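Let me begin by presenting the structure, written as structure tokens, before commenting on it.
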Amino acid sequence: MDVLTEPRVYLVGRTSIDQAAVDQFLSDESTAWATDTDNGSELISELAGRVCYLSFGEKQGRRSNRDYLTNIIAMEHGSVLEHSAWNFIVTGVSRSFSHELIRHRAGWGYSQLSQRYVDESTANFVEPDIIASSQALHDIWFEAVRSSHEAYRRLAEGLAELIDREFPELPRRDKRKRAREAARSVLPNATETKIFMTANARALRHFIEYRGAPDAEPEIRRVAVALLEVMRIEAPSIFGDYETTLLPDGSIAAGTVHKKV
Ligand SMILES: Cc1cc2nc3c(=O)[nH]c(=O)nc-3n(C[C@H](O)[C@H](O)[C@H](O)COP(=O)(O)OP(=O)(O)OC[C@H]3O[C@@H](n4cnc5c(N)ncnc54)[C@H](O)[C@@H]3O)c2cc1C
């Protein structure tokens, strides 16, 4: 069993644009538009905003993408940002974290590792920094996690035997599922989970604002800041207004003046 302290955020998918279809639309509308980014997500949000006011053509379509989206954010025209979405895989995070994460509903999609199907006898565990900072507290934590994990393994084995005996007709896969779904009840909140998540730009901004705040729980704040670092590079026109600050405990918080766009 490994003890984890750092989340990993993988950006695995992003919105792209079909330029030929956009060109066809512009031609059908007898207009033109060119912008200064080739980033699909930034292009899509700008295009969506421009459709609202049909602001295409020589004069109206001249602003830079950054200026255009900065104005959209300042005007709180947030629905425009719902058209750009990204896909992430997050690992090295605890089940406590995922309980908080999935409270974010609007604009999000999740697919999380199933403890009913996946054998957790080789699971890893996420230790809160404040516990890791003290050897004595770390020892208490480690022993609690180790003994829960050991109980899980013993229960999974015992349940497998019991289910084999009582329900011999069940397919092997269902027997394993029945054993694991019951045995997992003793696994702690610290158990690592892996989660695939999709979020649009508006939802991500809201998440970073709430969960990157100084008073947010430290593990989810760490993920919010990690997401922000990824998104600042990925889509600076949409996430360039955030600032990070170093807190007295050495951790980082994130915030923006443009609240709840
Ligand atoms: C510091 C902190 C402490 C917290 N403590 C607790 C706690 O102790 N217990 C607990 O249960 N939760 C707690 N939460 C979770 C919190 O209550 C929210 O569930 C979570 O932050 C998601 O926020 P949200 O609903 O704004 O997000 P989303 O679900 O992503 O929604 C985004 C926005 O869309 C709108 N919206 C979404 N759904 C609806 C709807 N059904 N009706 C109307 N408008 C909607 C709202 O404007 C909402 O702000 C805490 C959150 C934080 C940041």
Side-chain angles (χ1 to χ4, degrees), residues 5-7 9-15 41 44-45 48-49 52 69 72-90 92-113 115 126-131 133 185 187-232 234-235 237-261:
T5 51
E6 278 292 336
V9 173
Y10 304 87
L11 174 60
V12 296
R14 51 179 63 79
T15 302
S41 306
I44 286 284
S45 281
C52 295
L69 292 180
I72 286 281
I73 289 165
M75 303 287 289
E76 299 182 5
H77 194 171
S79 62
V80 164
L81 303 180
E82 293 171 13
H83 301 291
S84 303
W86 294 266
N87 317 101
F88 306 90
I89 300 174
V90 180
V93 284
S94 68
R95 297 275 295 193
S96 310
F97 159 81
S98 63
H99 271 69
E100 295 196 348
L101 171 71
I102 61 166
R103 298 302 307 280
H104 292 268
R105 305 152 291 169
W108 288 87
Y110 305 104
S111 299
Q112 183 173 13
L113 179 149
Q115 290 186 324
V126 178
E127 182 173 17
D129 285 346
I130 194 161
I131 295 181
S133 70
S185 59
L187 287 173
N189 267 339
T191 311
E192 186 205 6
T193 191
K194 301 180 202 295
I195 190 159
F196 189 109
M197 54 192 216
T198 297
N200 69 48
R202 189 183 203 182
L204 264 178
R205 286 184 58 94
H206 181 62
F207 176 81
I208 294 167
E209 186 188 321
Y210 268 43
R211 303 301 185 167
D215 63 339
E217 190 276 333
E219 186 184 4
I220 201 166
R221 176 152 44 82
R222 194 173 264 193
V223 175
V225 170
L227 278 168
L228 173 61
E229 295 308 338
V230 170
M231 296 316 299
R232 270 175 164 167
E234 174 68 17
S237 297
I238 303 176
F239 294 91
D241 55 316
Y242 282 85
E243 292 199 346
T244 50
T245 46
L246 189 63
L247 300 180
D249 67 359
S251 66
I252 298 171
T256 175
V257 289
H258 299 300
K259 304 265 182 218
K260 208 167 182 191
V261 168

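Counting convention: from 1, in listed order, for ligands and their atoms alike. Counting begins at 1 with the first residue of the sequence. Small disclaimer: the values here were computed from a predicted structure and weren't measured.
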Check: Would a search of protein heavy atoms around atom 8 (O) of ligand 1 find one under 4.0 Å away?
Finding: no
Notebook entry, point to check: Just wondering, do Val257 and Asp241 contact through their side chains at under 4.5 Å, heavy atoms?
Noted result: no
Notebook entry, point to check: Heavy atoms only: which of His206, Arg105, Glu209 is nearest to atom 38 (N) of ligand 1?
Noted result: Arg105
Next item on the list: Starting from atom 1 (C) of ligand 1, find the nearest protein heavy-atom neighbour and note its residue, name and distance.
Entry: Asp215 O, 4.2 Å
Check: Do Glu219 and Ser94 have side-chain atoms, one donor and one acceptor, less than 3.5 Å apart?
Finding: yes
Notebook entry, point to check: Are any of the side-chain nitrogens in Arg14 or Glu234 under 4.0 Å away from the carboxylate oxygens of its partner?
Noted result: yes
Check: Within 4.0 Å of atom 32 (C) of ligand 1 (strictly less), any protein heavy atom?
Finding: yes
Notebook entry, point to check: Are Trp86 and Thr15 side-chain neighbours, meaning at least one heavy-atom pair lies under 4.5 Å?
Noted result: no
Next item on the list: Indicate whether atom 48 (C) of ligand 1 is within a distance of less than 4.0 angstrom of some protein heavy atom.
Entry: yes
Check: Between Ser79 and Arg202, is any side-chain donor less than 3.5 angstrom from a side-chain acceptor?
Finding: no
Check: Parallel, tilted or perpendicular for Tyr110 and Trp108, by the 30°/60° rule?
Finding: parallel
Notebook entry, point to check: So Glu192 and Lys194, salt bridge (charged side-chain N to carboxylate O under 4.0 Å, His left out) or not? Walk me through it.
Noted result: CA-CA 7 Å; Glu192 186 205 6; Lys194 301 180 202 295; 3.2 Å; yes
Next item on the list: Return yes when at least one protein heavy atom is under 4.0 Å from atom 22 (C) of ligand 1, and no when none is.
Entry: yes
Note to self: I need the nearest protein heavy-atom contact for atom 34 (O) of ligand 1: residue, atom name and distance, please.
What the structure shows: Ala106 CB, 4.0 Å
Check: Is there a protein heavy atom at a distance of less than 4.0 Å from atom 3 (C) of ligand 1?
Finding: no
Check: Nearest protein heavy atom to atom 28 (P) of ligand 1: under 4.0 Å?
Finding: yes
Check: Hey, does Glu217 sit under 4.0 Å from ligand 1 if you only count heavy atoms?
Finding: no
Item checked: Heavy-atom nearest option to atom 50 (C) of ligand 1, drawn from Glu100, Arg211, Arg103 -> Arg211
Checklist line | Pair Lys260 + Glu76, salt bridge at N-O below 4.0 Å | finding: no
Next item on the list: Any atoms of ligand 1 less than 4.0 Å from a non-hydrogen atom of Lys260? List them with their elements.
Entry: 46 (C), 47 (O), 48 (C), 49 (O)
Note to self: I'd like to know if atom 42 (N) of ligand 1 has any protein heavy atom within a distance of less than 4.0 Å.
What the structure shows: no
Margin query: Does the protein place a non-hydrogen atom closer than 4.0 angstrom to atom 16 (C) of ligand 1?
Written below: no
Checklist line | Heavy-atom donor-acceptor pair, Arg232 side chain to Tyr242 backbone, under 3.5 Å | finding: yes
